[in-house]
Amino acid sequence: MFVAQELRKNNIAEYLLYMWQIEDTIRAFDCSLTRIKREYVERFDYTDEQKEEEIDWFGNLIRMMNQENCREKGHLQINKVTMQMLIELNDQLLQSPKFPFYNTAYYKVLPFIVELRNRGANKEENEIETCFNSLYGVMMLRLQKKDISPDTAHAVKEISTFIGMLSDYYKKDKEEGLKFE
């Protein structure tokens, strides 16, 4: 919860990837709050009050996962809404003549997105979702200490830069408001 709050304020892309990881963490503990408390939360150097807040947060997430039928796979509605906001912002940035650097970054990663889509199961997936799925997939491979090819590393570096730019524009839009016209 504490990490999520900080990331949501400072980097929406990292927040979303973190929340996907939290969903998978909950699944790894069979959606059991007792296990999450005992085997996960207890490992953190939190005060008793912070641990209770963290446990409440996990409890709420588990409840939502049960209600939204995403115990096995899929994403919580709160995460889908965040993704949709990023998709809409991406569309606005691309349609506006005021963001040429963003347009350049987009067209630089587009071949990687097309290639990833052609290899993936969901060819109808939005381009921003494809970017996030590739970043998350590589993050999971790295956590498992699995090798990634140089081509994949290069693609992920470019996608990461692009998503970082989108995240920066998201933050700027929330703080100051972007003018698209």
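Source: prediction; values computed, not measured. Each residue takes its place number in the sequence, starting with 1.
Taking CD1 from I87 and CG from L89, the interatomic distance works out to 11.0 Å, rounded to the nearest 0.5 Å.
Side-chain N or O atoms of S167 include one that pairs as donor or acceptor with a backbone N or O of I12 at under 3.5 Å. Looking at S96, its side chain never comes within 3.5 Å of a backbone N or O of Q92 through a donor-acceptor pair. No donor-acceptor pair under 3.5 Å is formed between the side chain of K172 and the backbone N or O of L178. Distance alone, capped at 3.5 Å, is enough to place a donor-acceptor pair between the N66 side chain and the I62 backbone. Side chain of S134 to main chain of C131: a donor-acceptor pair is present (N/O by atom type, distance under 3.5 Å, no hydrogens or angles). Looking only at distances, no side-chain donor or acceptor of T152 sits under 3.5 Å from a matching main-chain atom of I148. Although no hydrogens or angles enter the test, the distance criterion places a donor-acceptor pair under 3.5 Å between the side chain of N10 and the main chain of E6.
Nearest heavy-atom pair across Y106 and E127 is OH-OE1, 2.7 Å.
The shortest side-chain heavy-atom distance between N11 and K171 does not fall under the 4.5 Å cut-off. Here the side chains of F58 and I22 are in contact, with some heavy-atom distance below 4.5 Å. Two residues are said to be in side-chain contact when any heavy atoms from C-beta on lie closer than 4.5 Å; M1 and Q50 fail this criterion. L16 places a side-chain heavy atom less than 4.5 Å from the side chain of N79. Side-chain contact between I78 and T82 is absent, with no heavy atoms from C-beta onward closer than 4.5 Å. In this structure the side chain of R35 never reaches within 4.5 angstrom of the side chain of Y40, judged on heavy atoms.
With sequence neighbours excluded, no residue forms a ring pair (Phe, Tyr, Trp, His ring centres under 6.0 Å) with Y18. By the ring pair (Phe, Tyr, Trp, His ring centres under 6.0 Å) test, Y169 pairs with F99, Y102, sequence neighbours left out. With sequence neighbours excluded, no residue forms a side chain to side chain donor-acceptor pair (under 3.5 Å) with S32. Residues that satisfy the ring pair (Phe, Tyr, Trp, His ring centres under 6.0 Å) test with Y46, not counting sequence neighbours, are F2, F44. Partners of C70 according to the side-chain contact (heavy atoms from CB on, under 4.5 Å) rule, which considers only residues two or more places apart in sequence or in another chain, are R27, M65, E68, L76.
Here the rule is side chain to side chain contact (heavy atoms under 4.5 Å, CB included) with T130, and of L116, L135, V109 only L116 fits it.
Counted by atom type alone, N133 and E129 present zero donor-acceptor pairs between their side chains at under 3.5 Å. Side-chain atoms of E88 and Q84 include a donor-acceptor pair closer than 3.5 Å.
Remark: R8 qualifies as a cation-pi partner of Y15 under the 6.0 Å distance and 45° angle criteria applied to the six-membered ring.
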Show me the donor-acceptor pairs within less than 3.5 Å that the side chains of residues 157-165 make with the rest of the protein, sequence neighbours left out.
| residue | atom | partner | partner atom | Å |
| --- | --- | --- | --- | --- |
| E158 | OE1 | K108 | NZ | 3.3 |
| T161 | OG1 | K157 | O | 3.0 |

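Between E42 and K51, at least one side-chain N (NZ, or NE/NH1/NH2) sits under 4.0 Å from a carboxylate O, which counts as a salt bridge.
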